[in-house]
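These numbers were taken from a predicted model, which means no experiment stands behind them. Excluded from the calculations below are hydrogen atoms, water molecules and symmetry mates; all remaining heavy atoms, backbone and side chain alike, are included.
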Amino acid sequence: MADGGVHFDPEVTVPNPARVYDYWLGGSSNFAVDRELGDRMIAIDSRVVPMVRENRHFLRRVVTWLCRNGVTQFLDLGSGIPTVGNVHEVAARVTPEAKVAYVDSEPVAVAYSARILEGNQNATITHADLRDAETVLSAPTVAGLLDFSRPVAVLALSVLQYFGDLENPAAMLDRYRKVLVPGSYFAISHISADDSDVDMDGLADATKQATVSAHPRTRAEVTALFGDAQLVPPGLVWVGGWHAEPGSAEPVPGILGGLGRVG
Ligand SMILES: C[S@@+](CC[C@H](N)C(=O)[O-])C[C@H]1O[C@@H](n2cnc3c(N)ncnc32)[C@H](O)[C@@H]1O
């Protein structure tokens with residue numbers, strides 16, 4: 001059982017990225033198998049923990065930046081297990097009427113999201129595979145909440161790495177791109193071994209024991225995922241360095257992030 005009154009099959013024997021990630025972030029929606037893999041990965045390169053924390057801070061800065069720039073609708077693909085500073089909470093601080101459609105394929109993430117969103121008119125969770133854009137976009141929880149005749153920000157943070165090249169994540173995003181009007185955005189973060197001494201190959205190798213394994217990409221490959229969207233300055237950088245507060249510590253390498261505007 002994961003805590004918090006949400007009950008699941010206790011016979012969880014395979015670690016899952018959503019729950020490993022929750023463990024690293026200090027959450028309690030994870031099982032022993034997830035913690036074991038999480039600890040093995042920390043032993044490979046302990047920077048994995050600050051890396052994912054910086055990814056969450058990146059998410060908050062991106063959402064705040066978007067709201068301040070007039071974008072108030074969000075489609076969060078692979079949204080994960082709710083943790084401190086979820087998209088709808090961050091957005092509502094700037095724009096109380098902001099709309100957020102979360103999408104995830106992992107039952108624990110979906111159950112917790114449903115629980116915290118109960119009674120919320122401005123945010124929904126959809127249990128779906130993001131690879132099936134048509135199903136996601138036509139779900140009443142997405143189509144009934146977001147107005148695609150106005151700009152929408154599609155968030156794909158730390159999720160496209162779970163798709164190998166054969167699955168063609170750029171083509172996956174393109175199916176979402178087709179329904180976006182100019183002034184919409186893609187926010188993407190992705191693990192990368194480029195320009196750093198992080199043992200990303202070792203970390204990625206360890207994920208082969210999980211339900212899905214991770215595939216690091218080069219800077220050029222991550223840039224290509226933005227398609228024709230124009231990167232907002234400072235471009236594609238280590239997530240901790242994207243619009244960092246003055247005086248922030250040097251960003252931890254390992255996850256590249258950026259925000260692209262659809263023209
Ligand atoms: C590492 S977590 C990232 C969570 C969040 N986006 C963040 O950056 O904090 C990756 C999430 O993607 C979800 N995911 C993986 N493959 C997916 C798919 N095919 N469809 C929907 N969600 C998926 C996992 O269940 C997990 O919750």
Side-chain angles (χ1 to χ4, degrees), residues 1-4 6-60 76-87 102-116 125 127-131 155-164 167 169 188-193 196 198-217 238-240 252-257:
M1 188 191 102
D3 80 344
V6 180
H7 294 258
F8 298 98
D9 177 4
E11 297 303 319
V12 173
T13 53
V14 184
N16 169 284
R19 302 188 309 254
V20 172
Y21 194 79
D22 174 73
Y23 170 55
W24 287 331
L25 290 172
S28 52
S29 313
N30 49 74
F31 299 93
V33 280
D34 306 311
R35 296 189 284 277
E36 279 156 24
L37 175 58
D39 287 340
R40 264 202 307 283
M41 291 176 72
I42 291 171
I44 292 168
D45 197 319
S46 61
R47 286 172 289 183
V48 72
V49 175
M51 230 183 265
V52 300
R53 293 211 175 115
E54 289 193 5
N55 182 59
R56 289 302 296 186
H57 293 311
F58 168 71
L59 168 74
R60 286 167 212 143
D76 188 356
L77 301 174
S79 47
I81 293 170
T83 180
V84 178
N86 296 298
V87 175
Y102 293 107
V103 178
D104 207 287
S105 56
E106 210 283 320
V108 172
V110 173
Y112 273 90
S113 302
R115 204 162 64 102
I116 66 157
I125 172 74
H127 189 188
D129 188 322
L130 70 89
R131 286 171 286 193
L155 312 177
L157 302 194
S158 287
V159 64
L160 299 175
Q161 60 220 29
Y162 297 111
F163 308 110
E167 296 201 79
I188 296 172
S189 68
H190 198 296
I191 53 170
S192 178
S196 93
V198 170
D199 186 2
M200 197 53 83
D201 289 338
L203 291 171
D205 209 45
T207 67
K208 288 184 180 148
Q209 299 152 14
T211 47
V212 282
S213 55
H215 306 268
R217 287 192 164 85
W238 298 128
V239 282
V252 177
I255 303 181
L256 288 169

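Checking side-chain atoms of Asp199 against main-chain N and O of Asp45 turns up no donor-acceptor pair under 3.5 Å. Remark: the backbone N or O of Ile81 is not paired with any side-chain donor or acceptor of Asp22 at under 3.5 angstrom. Judged by distance alone, the side chain of Asp129 and the main-chain N or O of Ser105 form no donor-acceptor pair under 3.5 Å. Asp34 contributes a side-chain N or O that, together with a main-chain N or O of Asn16, makes up a donor-acceptor pair within less than 3.5 Å. With hydrogens and angles ignored, the 3.5 Å screen pairs no side-chain donor or acceptor of Ser213 with any backbone N or O of Thr207. Formation of a donor-acceptor pair under 3.5 Å by the Gln161 side chain with backbone atoms of Ile191 is found in this model. A donor-acceptor pair under 3.5 Å is absent between the side-chain atoms of Ser192 and the main chain of Ile255, judged by distance alone. Under a 3.5 Å cut-off, the side chain of Arg131 and the backbone N or O of Glu167 do not form any donor-acceptor pair. Looking only at distances, no side-chain donor or acceptor of Tyr102 sits under 3.5 Å from a matching main-chain atom of Ala109.
For the residue pair Arg47 and Pro253, the shortest heavy atom distance occurs at NH1-CG, 4.3 Å. Counting all heavy atoms, side chain and backbone alike, Val212 lies closest to Tyr162 at CG2-CD2, 3.8 Å. Counting all heavy atoms, side chain and backbone alike, Arg19 lies closest to Asn30 at O-CB, 3.4 Å. Of all the heavy atoms in Ala206 and Ile44, the pair that sits closest is CB-CD1, 3.8 Å. Closest approach of Pro15 and Thr13 over heavy atoms only: CD-O, 4.0 Å. Of all heavy-atom pairs between Ser189 and Val239, the closest is CB-CG1, 3.9 Å.
Side-chain atoms of Thr211 and Glu106, non-hydrogen and from C-beta on, never get closer than 4.5 Å to each other. In this structure the side chain of Asn86 never reaches within 4.5 angstrom of the side chain of Asp76, judged on heavy atoms.
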Decide side-chain contact (heavy atoms from CB on, under 4.5 Å) for Ser79 and Ile125; before the verdict, give the C-alpha distance in whole Å, the side-chain angles of both, and the deciding distance to 0.1 Å. CA-CA 9 Å; Ser79 47; Ile125 172 74; 4.2 Å; yes

Please walk me through it: do Met200 and Met51 pass side-chain contact (heavy atoms from CB on, under 4.5 Å)? CA-CA 12 Å; Met200 197 53 83; Met51 230 183 265; 4.1 Å; yes

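Separating the CD1 atom in Ile42 from the CH2 atom in Trp24 is a distance of 7.0 Å, to the nearest 0.5 Å. Here the straight-line distance linking atom CG of Leu59 with atom CD of Glu54 works out to 13.5 Å at 0.5 Å rounding. Here the straight-line distance linking atom CG of Leu160 with atom NE2 of His215 works out to 11.5 Å at 0.5 Å rounding. Leu157 contributes atom CG, which lies 11.5 Å from atom NE2 of His190 (distance to the nearest 0.5 angstrom). In this structure, OH on Tyr21 lies 3.5 Å from CG on Asn55, to the nearest 0.5 angstrom.
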